[in-house]
Amino acid sequence: MPPTPPVKHRTRFFDQRVPSLSAGKYTITTQQSIGGVDTGDALPARVQHFDVHGPRFAIAGDAVHACYPLPGSTGLYSQVLPHATLTAPGVPWLRPLAGQAPSVPWLALLVFRENELPGDPQAIGQVEACMVRELLDGRLDNGQTLPGRGPQIDPAWLFPDEVELVCSTILVPRELFTAIAPLPEEMAALAHVREGGPPDATRGATPPPDEDKLTAVVVANRFPDVAGGMHVAHLVSFDGHEDLLAEGASVPGEGVRLVSLRSWVFESEPDSGIGFGDLVQNLAADPDPLLRLPVNAPANPTPAQREALERIATGATALPQRLASGERTPAFYRGPLTAAPAQALPDPVGGVRRESVDEALVYLEKYGVYDTGYASAFAVGRALALADPEFSTHLLAWRKAARSAARRLLTHPQLSGRAVTADTASLLTRDLARDAFDKLLTGDGDGSRGGGWKLARALAGAGADVAAGRRRAPAPRTSSAGVLSAGSLHTALARAEVREVIAAATATELDPVTAWLDRLALLEMIPFEHMVPDERMLPVESIRFCYVDPSWVRAAIDGALSVGVGHTLDADLNELAHGVRTAPACGVLLHSDLVEGWPDTLYTAFRDNQPVEPVRTAQVGSHVMMLLYPQVIDTFTAAEPPQGIHFGFGDLGTIELRKITGPDIGASMGEFPDPPGDDRFGRFLRPGGRDVLNIAGSGDPLLPALAQAHGVPLSSAQFALQMVKAPQLQTFVRP
């Protein structure tokens, strides 16, 4: 498995941000005295009153930094605990609850489903608004009773401006409140402070917290419904409800009226029980992830059966073949994707290219069957070229330009008989006749003769030369190395430097041809049934590794270039267009719900622990993904799309146990619980079927179980670290 990449960003968790002074009214009394002297009233006590204000019945709009799930979103949330992030890190501990430790926040996040809150049966975020004084009195100004027990707060501890505030409230029935209200120890565990570090953060470093990066996080204790539906999350205040938080507390039959400081709505989709982790683990369990047919081989195969089994093992399949004579015979077909590296084909007789389908047809004389893979590749390439009029037009236009350039190179007086150099291509694109005429006009250029002298001399002798059929030979070269003769074009085009010069001279016409062939080399236009000829090779919920046969790709390119070949020169010129992109070396095919259900999945390939970027990624239909790589990979990973930090358990019913101390803090220690059991984290839920996490209550609570796994009690920051629902990663090792 490839090593963990260097950390680019740091996230740290801190337990609490308990302020030096909580919100409230304060009095400072200063008393002076002189030792041994009775000062009487001469040094009276000085009394100073001051207030520390903070949110209590309402919270500013910018006080909430973020919410998860996102307000108004729809998704599969049944495995995550909703949470709210507050801009000011000390807000949850700004107001201590009577009789509780300072680490217990006065805020909690409660999640409600449809048909639970009497004032909001559709879970769309409806609240009841009233004045704070009405809430504390339990009666509205119009005389109507406000049902539910409100907060029990001594009016002496209220500020004058607070009683006239408008607040939002919800009525929670007694049974529901008893089932979902967190215990004080759970409230402490579900709130922490988070810091996001700089991009160059070092793993394990412990610099002082960056105050500008600190936020407070309040996590809910309840999972959204597995069956899906609308949900509403309320950030509520338990100030004045301290007596109702203990386990087994007597909750009034009329229910509890809570102040809702912030609420948002989201919709959870039904959970089929099959998530990202289930899918990738099932893919990894396949014992033969190569692209080939599953075969039940006989115990003692005959020689013919062994031959067939060997071909099927490389990715071939058996198909009926109709011969040109009309006869039918069995044949093997294998596309460009193979289960084993393909053997290199011998060069065709008389050249390095194939010019017809028959040349690419392989006949297994010993068994009397055909191998039609390369013949099909040639036919597919030809059919694709014929079906694309734009490509055909570009191909014919380039051939015309290349033929002209080749003939000119070998026959023009200023080029024939000269060595091919880097300047030859530029000469091919120039108007050499105009250049020669310019020289006749300019004279020798040394000033000894006037302009036009050469032209006059040439015209004076032109009639006699034409009548006698004389032609001026090109100036001799001092060296004969690399000199072209006006001989066979076929012989000249066999030379690499000649092909390079013609290709450079016709680049404008050649570029669209090679661009189209580049796409063909990447299998862009090849029908999928030619790459995977039998659906049994790529069944539902499977991953398949394969090689790419460069000879198959070459045969397809030969087929495309066979269009419009009129004579041998056209076939020779085709070699110039073969300098295209190299075929990919290997590929990965994925047929899974991952493709549609998790479109942002991160796929990464490695070779010798170094990442390899794909040369092509293509989705075929809604459930098939193909990735092609320039070199053979040895490891492939699929990572769940990151959605930011949130809390919950994985698809396998476990959480990832993480180290809580040391330089490698946060490193994985394996799954918890191990073994996971059949209840998918159900052992840590409160009884009653409401999906409420039992963190510190009676029965089998989660926090003591985690403490036992680590050997020490966990703080709220350490608990948050364990509950982070990190994106899941599955590694596949190429067979």
How are the rings of [X] and [Y] set relative to one another: parallel (under 30°), tilted (30 to 60°) or perpendicular (over 60°)?
| X | Y | result |
| --- | --- | --- |
| Phe649 | Phe223 | perpendicular |
| Tyr68 | His646 | parallel |
| His623 | His591 | perpendicular |

Backbone of [Y] reached by a side-chain donor or acceptor of [X] within 3.5 Å:
| X | Y | value |
| --- | --- | --- |
| Thr317 | Ile312 | no |
| Thr372 | Ala375 | no |
| Tyr603 | Val588 | no |
| Arg292 | Thr314 | no |
| Thr338 | Arg334 | no |

- Query: For Ser668 and Glu656, does a side-chain donor sit closer than 3.5 Å to a side-chain acceptor?
  - Reply: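 Note: Ser668 and Glu656 side chains meet the donor-acceptor criterion.
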Self-check item: Arg734 to Tyr547 six-membered ring, cation-pi geometry met (6.0 Å, 45°)
Solution: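 The answer is yes; both the distance and angle limits are met.
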Problem - Ring centre gap for Tyr77 and Phe266 strictly below 6.0 Å - result: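 Distance test on ring centres: under 6.0 Å, yes.
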Start with the C-alpha gap between Trp552 and Ile526, add the side-chain angles, then the distance that decides, and say whether side-chain contact (heavy atoms from CB on, under 4.5 Å) holds. CA-CA 11 Å; Trp552 199 101; Ile526 305 297; 4.0 Å; yes
#### Entry: CA sep, side-chain torsions, deciding dist, call: Gln321, Thr329, side-chain hydrogen bond (donor to acceptor under 3.5 Å, both in side chains)
CA-CA 5 Å; Gln321 169 77 357; Thr329 181; over 6 Å; no
If you apply the rule salt bridge (charged side-chain N to carboxylate O under 4.0 Å, His left out), what do you find for Asp549 with Arg554, and how did you get there?
CA-CA 9 Å; Asp549 183 0; Arg554 176 61 186 260; over 6 Å; no
Can you give me every donor-acceptor pair (side chain of residues 612-619, partner residue at least two apart or in another chain, under 3.5 Å) with its distance?
{"from": "Arg616", "atom 1": "NH1", "to": "Leu522", "atom 2": "O", "distance (Å)": "3.1"}
{"from": "Arg616", "atom 1": "NH1", "to": "Leu523", "atom 2": "O", "distance (Å)": "2.9"}
{"from": "Gln619", "atom 1": "NE2", "to": "Gly621", "atom 2": "O", "distance (Å)": "3.1"}

- Answer yes or no: are there more than 12 heavy-atom neighbours, outside Arg536 itself, under 6.0 Å from its atom CZ?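 For Arg536, atom CZ is not crowded (no more than 12 foreign heavy atoms under 6.0 Å).
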key: Cationic N near anionic O, under 4.0 Å, Asp558 to Arg382   =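 No, no charged N to carboxylate O under 4.0 Å.
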| field | Inter-residue atom distance Asp271.CG - Leu76.CG, 0.5 Å rounding | value |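 The CG atom of Asp271 sits 4.5 Å away from the CG atom of Leu76.
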Arg311: which residues meet the side-chain hydrogen bond (donor to acceptor under 3.5 Å, both in side chains) condition with it, sequence neighbours left out?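 With neighbours one apart ignored, the set is Glu307, Asp371.
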Handout entry: Considering all heavy atoms, the nearest Ser78-Ser268 contact
Key =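 Looking at all heavy atoms of both residues, the shortest contact is N-OG, 3.8 Å.
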Over all atoms of both residues, closest heavy-atom pair of Arg658 and Leu721: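 That would be NH1-O, 3.2 Å.
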